[in-house]
Amino acid sequence: MKCPFCGEVNTKVIDSRPADDNNSIRRRRKCEKCGKRFTTYEKLETIPLVVIKKDEAREPYDRSKIERGVFRSCTKRPISVDQINELVDSVESTVFNLGEKEVPSSQIGEILMDKLQKLDSVAYVRFASVYRDFKDVSTFMDEIKKILDQQGN
């Protein structure tokens, strides 16, 4: 592993342990040249996942697209970066556990919205308004009414 500080290729693992999600290994490393320490994460390589877009185009799965959508939805909400990362990890885990080589983007979006709704209803409505392409205020209000009905039960 190359040192991110000086570029040296000789680094030494000084500690290894499972990461919080138990799906990766956290390794503390020390550069043998500059002596600085840094952390890396090792994750099992999975079968490449292909996402089928609305227009039937196919593209490789890209976690950062989910992260960007969730971060935008959670702007100015009392949601920590750790909570967002846990949500994205959970969505990703659910998608990969489907065991499919190709997954429609709509299915990923529904999984994400289900988990986001449990985390924060305002962030959920923000995401849903873009994802479902709300055309007018009445569509927006219908979605809010659904949330209020669920919270009342």
Side-chain angles (χ1 to χ4, degrees), residues 1-5 7 9 11 13 15-29 38-153:
M1 176 61 64
K2 193 163 115 175
C3 174
F5 303 104
V9 293
T11 60
V13 175
D15 182 43
S16 286
R17 65 179 73 170
D20 293 336
D21 62 3
N22 252 354
N23 290 324
S24 58
I25 301 291
R26 176 186 180 275
R27 298 196 193 282
R28 285 294 290 162
R29 295 176 179 267
F38 57 99
T39 302
T40 60
Y41 291 87
E42 184 178 313
K43 197 168 191 169
L44 178 66
E45 187 173 48
T46 56
I47 300 169
L49 180 67
V50 173
V51 177
I52 305 168
K53 306 297 282 180
K54 289 178 187 174
D55 65 359
E56 297 298 315
R58 284 161 167 71
E59 66 180 44
Y61 168 79
D62 184 356
R63 176 188 172 99
S64 67
K65 288 187 174 188
I66 295 173
E67 288 171 332
R68 278 192 303 272
V70 172
F71 271 106
R72 266 188 249 123
S73 300
C74 294
T75 300
K76 296 185 181 179
R77 298 298 305 149
I79 301 167
S80 71
V81 172
D82 286 341
Q83 287 175 297
I84 291 171
N85 284 327
E86 285 174 23
L87 182 128
V88 174
D89 285 345
S90 178
V91 169
E92 189 171 69
S93 181
T94 301
V95 169
F96 278 96
N97 285 337
L98 295 171
E100 302 291 331
K101 293 179 184 174
E102 295 186 334
V103 176
S105 61
S106 59
Q107 189 172 7
I108 296 171
E110 293 299 324
I111 292 167
L112 196 158
M113 285 195 302
D114 180 56
K115 294 179 184 298
L116 192 56
Q117 186 174 13
K118 292 173 185 164
L119 178 66
D120 185 271
S121 56
V122 172
Y124 163 77
V125 172
R126 287 178 178 169
F127 185 87
S129 69
V130 174
Y131 178 75
R132 291 200 174 131
D133 194 23
F134 291 175
K135 299 286 186 207
D136 54 35
V137 175
S138 64
T139 311
F140 200 83
M141 289 304 296
D142 290 342
E143 196 65 35
I144 292 172
K145 285 176 189 172
K146 284 183 205 170
I147 293 170
L148 292 173
D149 289 345
Q150 289 173 353
Q151 288 178 350
N153 293 333

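FYI, side chains are in, hydrogens and waters are out, and symmetry mates aren't considered; it's all heavy atoms of this structure.
Heavy-atom minimum distance, Cys74 versus Arg126: C-NH1, 4.0 Å. Of all the heavy atoms in Leu116 and Ala123, the pair that sits closest is CD2-O, 3.6 Å. The nearest pair of heavy atoms linking Thr11 to Cys3 is CG2-N, 4.0 Å. For Gln83 against Ile79, the heavy-atom pair with the smallest separation is OE1-CA, 3.3 Å. The two residues Val91 and Leu112 have their closest heavy-atom pair at CG2-CA, 3.8 Å. Across every non-hydrogen atom of Leu49 and Glu100, the tightest pair is CD1-O, 3.3 Å.
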What pairs of donor and acceptor atoms, side-chain ones from residues 141-148 against any protein atom, are under 3.5 angstrom apart with sequence neighbours left out?
residue: Glu143; atom: OE1; partner: Arg132; partner atom: NH1; Å: 3.4
residue: Glu143; atom: OE2; partner: Tyr124; partner atom: OH; Å: 2.5
residue: Glu143; atom: OE2; partner: Arg132; partner atom: NH1; Å: 3.4

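Residue pairs meeting the salt bridge (Lys or Arg N to Asp or Glu O under 4.0 Å) criterion with at least one partner in residues 74-84, sequence neighbours excluded, are Arg77-Asp120.
Lys54 forms a cation-pi arrangement with Tyr131, by the criterion of a distance under 6.0 Å to the ring centre and an angle within 45° of the ring axis.
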Derivation of the side chain to side chain contact (heavy atoms under 4.5 Å, CB included) call for Phe96 and Val103: CA-CA 9 Å; Phe96 278 96; Val103 176; over 6 Å; no
Criterion side chain to side chain contact (heavy atoms under 4.5 Å, CB included) on Arg72 and Val130, from CA distance to verdict: CA-CA 11 Å; Arg72 266 188 249 123; Val130 174; 5.8 Å; no
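Between the side chains of Gln150 and Gln117, a donor-acceptor pair is found at a separation under 3.5 Å.
A donor-acceptor pair is defined here as one N or O able to donate and one able to accept, closer than 3.5 Å; no such pair exists between the side chain of Arg58 and the backbone of Glu102. Proximity of a side-chain donor or acceptor of Ser90 to a complementary backbone N or O of Glu86 within less than 3.5 Å is not detected.
The CZ atom of Arg63 sits 4.5 Å away from the CG atom of Asp89 when rounded to the nearest 0.5 Å. Put simply, OH on Tyr61 and CD1 on Ile66 are 3.5 Å apart, with the number rounded to the nearest 0.5 Å.
Each of Thr39, Asp15, Thr40 was scored for a side chain to side chain donor-acceptor pair (under 3.5 Å) with Arg29, with one residue passing: Thr40. Exactly one of Pro104, Ser105, Ser106 qualifies for a side-chain contact (heavy atoms from CB on, under 4.5 Å) with Val51. That residue is Ser105.
Taking the side chain as every heavy atom from C-beta outward, Gln107 and Leu98 approach each other to under 4.5 Å.
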